[in-house]
Student: 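Before I ask anything, let me first share the structure, which is written out below as structure tokens.
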Amino acid sequence: MERTLVILKPGTLQRGLVGEVISRFEKKGLKLVAMKMKQLTPEILDEHYAHLKDKPFFPWLKAGMMAAPVILCCWEGFEAVRTVREMAGATNARKAVPGTIRGDYGMSSQENIVHTSDSPENAKIELDRFFSPGDYCEYPSPLQQYLYAPDEK
Ligand code: UDP
Ligand code: MG
């Protein structure tokens, strides 16, 4: 099964939306396999958002991501990367379709509730950035047959 990184951003914690957002992924049928709360640092954000380092908003983005702790989650499921990304919606939350997480809870292109990995390759890199092997929990999924067909794995 594929794994993807979700970061609940500082605004999500401050606005009391952590439970709501996690609940969406749970209800969808994704499996939570690792989770922790962390205060991010300039160093890790320079790495995580390296593709944006020349953008004028980069200092604001970094400050926003350090304004309070974040919740780091690893969700597992069949085609989890694409599924989670589509649940998050467009980067600019004002343009994100209602029904998506950003579309329902956000008004900003910066303060947009969640980070989600954008490809299976980047998901692996990002998960390694924030989690060590011992952070992942293995536990049975007794509802598997009610969530998936036999070839969806
Ligand atoms: N961002 C921003 N202004 C923009 C584009 C992006 O502040 O015009 C921030 C926003 O918080 C976004 C993050 O930079 O989530 C990473 O940007 P990316 O293009 O990777 O978007 P995402 O993958 O989060 O949708
Ligand atoms: Mg991105």
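Each ligand, and each atom within it, is numbered from 1 in the order the structure gives. Every heavy atom of this structure was used, including side-chain atoms; hydrogens, water molecules and symmetry mates were not.
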Student: Do we get R3 above F131's six-membered ring, with its NZ or CZ under 6.0 Å from the centre and within 45° of the axis?
Tutor: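 The answer is no, since R3 fails at least one limit relative to F131.
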Student: If you define the side chain from C-beta out and look only at heavy atoms, does anything of R102 sit under 4.5 Å from T91?
Tutor: yes
Student: Counting C-beta onward and ignoring hydrogens, is there a side-chain heavy-atom pair between T83 and E2 closer than 4.5 Å?
Tutor: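 They are not in side-chain contact.
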Student: Can you check whether L32 reaches W75 side chain to side chain, under 4.5 Å on heavy atoms?
Tutor: yes
Student: Using 30° and 60° as the class boundaries, would you call the ring planes of Y49 and H115 parallel, tilted or perpendicular?
Tutor: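 Geometry flag for H115 against Y49: perpendicular rings.
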Student: For ligand 1, give me the residues whose heavy-atom distance to it is below 4.0 Å, by chain and number please.
Tutor: K9, Y49, H51, L52, F57, L61, R85, T91, R102, S109, Q110, N112
Student: Do T12 side-chain atoms and L17 backbone N/O form a donor-acceptor pair below 3.5 Å?
Tutor: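 No: the side chain of T12 does not pair with the backbone of L17.
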